[in-house]
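Every number for a ligand or one of its atoms is a count from 1 in the order of the listing. What you see below is based on every heavy atom in this structure, not just the backbone, and it leaves out hydrogens, waters and symmetry mates.
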Amino acid sequence: MTDLHRLSVRELTEGLAAAKFSSRELTEHYLKRIEKIDAQIQSYVTVTAEQALAEADAADALRKAGGATVLTGVPIAHKDIFCTHGIKTTAGSKMLDNFISPYDATVVAKGKVAGLVTLGKVNMDEFAMGSTSESSYFGATANPWALDHVPGGSSGGSAAAVAADLAPFATGTDTGGSIRQPASFCGLTGLKPTYGRVSRFGMIAYASSLDQGGPMARSAEDCAYLMNVMAGHDAKDSTSVEKGVDNYVANLNSTSVKGLRIGIPRQYFNAAGLDADVKARVEESLKKLEDMGAVLVEIDLNMTESYVPTYYLIAPAEASSNLSRFDGVRYGYRAENPVDLMDLYKRSRSEGFGKEVQQRILIGTYALSAGYYDAYYVKAQKVRRLIQQDFLKAFESVDVIAAPSAPTTAYRIGANLTQVEMYLGDIYTIAVNLAGLPAINAPVGFDKDSLPVGLQLIGNYWSESQLLSVVHQYQQATDWHTKRAAIAEENA
Ligand code: GLN
């Protein structure tokens with residue numbers, strides 16, 4: 001079969017179960033596509049062809065023996081932030097250029113138990129800090145919809161790989177939008193779960209109180225399959241919540257759009273930086289949901305102006321602490337010929353970290369230092385609580401909240417936005433992380449340059465099933481999620 005990459009995850013599971021094709025055929029098909037097409041996209045940092053084929057053969061053998069479960073033999077790409085036993089895990093950094101993890105992240109281990117076949121590790125902004133994937137030590141990744149544009153970030157490799165049909169789905173992580181924004185830029189569906197829903201064990205930390213892993217795929221249905229694998233309590237992550245998980249696939253029709261109250265924050269849709277095409281497409285998608293029976297309700301989120309300063313204080317503060325472990329001594333990059341220990345620390349960190357990471361470490365260290373801690377860090381934590389309360393108040397009158405995922409479509413590679421411009425691009429995503437809420441991006445059309453636009457739906461705590469279900473129903477009634485970039489149409 002030449003078109004296996006066109007099948008949805010559900011179709012893959014059905015095809016494998018009916019022996020229409022084997023996991024080996026499917027895996028070889030994807031590996032061939034990666035070999036032919038990824039030179040133009042650069043989504044993969046590491047392709048694990050040999051291991052993937054061995055996993056595929058094991059999956060086929062298990063299926064023959066009657067031991068297969070639903071996803072046995074389906075390929076996946078992992079963001080290079082998830083530790084993979086015996087395979088390089090770089091976090092997009094020179095610091096970890098040669099790091100081979102001695103263990104699997106829980107998400108990766110669960111994938112193995114489910115029978116997923118790892119095609120490889122995909123590119124990302126260095127230590128997940130960024131919105132373009134350009135800060136990766138391994139170079140920029142291209143947006144499959146326009147190769148001179150970025151795929152977004154930090155999970156840009158995950159988004160580009162799926163959008164170019166170089167993986168059926170991929171893992172991503174979202175600290176301030178890194179699943180939703182690249183999903184938006186690449187025309188995909190991506191879910192950022194409630195904080196604590198997915199284990200962070202073995203997921204290289206950026207800002208621990210904000211980081212959350214989640215699925216990126218073409219549709220809500222495909223995301224639901226991966227969410228069934230990723231979600232759940234993990235004793236190895238102290239912030240993982242002991243709470244039963246839903247069957248997200250079975251729940252795809254659990255929420256009716258009829259009567260669903262969708263909050264429209266005035267502050268979000270009147271923002272100065274919101275691109276006219278993005279606004280128009282998002283409003284059209286809301287009109288569609290209204291036609292399907294949803295009720296649109298204007299709401300206020302009065303803390304909107306505080307999002308960027310609060311996030312860009314808390315995230316770097318936590319990063320400065322998390323990244324202090326990279327000292328050139330235990331593992332990771334080590335400077336050559338140090339004159340003494342201090343020189344080793346200094347040069348290992350100066351040579352091993354890129355510019356954006358160094359800036360954030362400096363800002364975070366400053367904010368946490370004696371004398372400034374109360375004025376900056378403690379104050380930001382108080383504002384964070386107010387932002388959370390703003391959402392909780394809104395959820396007293398609405399079921400979900402709608403927003404663009406990003407104020408613009410994908411930037412050009414090398415656009416060199418100022419830091420403030422870049423950080424303002426996170427305006428619609430970061431508050432969700434500060435509050436610990438779940439949110440989903442769904443593709444809802446294109447701008448005048450044919451670049452994808454995304455709608456974001458923010459839910460109350462633990463409402464992943466509801467979000468997936470609403471988007472699933474929208475996708476049953478529309479076909480934006482079925483559109484493919486020209487490069488994805490190419491056969492290998
Ligand atoms: N763009 C945001 C940042 O640079 C979010 C990144 C993320 O979610 N990992 O911090």
Only one of Tyr206, Phe353, Tyr137 passes ring pair (Phe, Tyr, Trp, His ring centres under 6.0 Å) with Phe127, and that residue is Phe353
Ring-ring centroid check Phe269 Tyr428, cutoff 6.0 Å: no
Would one find more than 12 heavy atoms of other residues, nucleotides or ligands at under 6.0 Å from atom CD of Glu242? no
Check: Ser101 side chain, Cys83 main-chain N or O, donor-acceptor pair, under 3.5 Å: no
Which atom pairs, nitrogen or oxygen on both sides, join ligand 1 and the protein at under 3.5 angstrom?
from	atom 1	to	atom 2	distance (Å)
ligand 1	1 (N)	Gly130	O	3.1
ligand 1	1 (N)	Ser131	OG	2.9
ligand 1	1 (N)	Asp426	OD1	3.3
ligand 1	1 (N)	Asp426	OD2	3.0
ligand 1	4 (O)	Gly130	N	2.9
ligand 1	4 (O)	Tyr312	OH	3.3
ligand 1	4 (O)	Arg360	NH1	3.2
ligand 1	4 (O)	Arg360	NH2	2.9
ligand 1	8 (O)	Thr175	N	2.8
ligand 1	8 (O)	Gly176	N	2.6
ligand 1	8 (O)	Gly177	N	3.3
ligand 1	8 (O)	Ser178	N	3.0
ligand 1	8 (O)	Ser178	OG	2.6
ligand 1	9 (N)	Ala128	O	2.8
ligand 1	9 (N)	Ser154	OG	3.4
ligand 1	9 (N)	Ser178	OG	2.7
ligand 1	10 (O)	Tyr206	OH	2.7
ligand 1	10 (O)	Tyr311	OH	2.7
ligand 1	10 (O)	Arg360	NH1	2.9

Flag yes if more than 12 heavy atoms outside Lys379 fall under 6.0 Å of its NZ atom; otherwise flag no. no
Counting only heavy atoms not in Phe201, do more than 12 sit closer than 6.0 Å to its CZ atom? yes
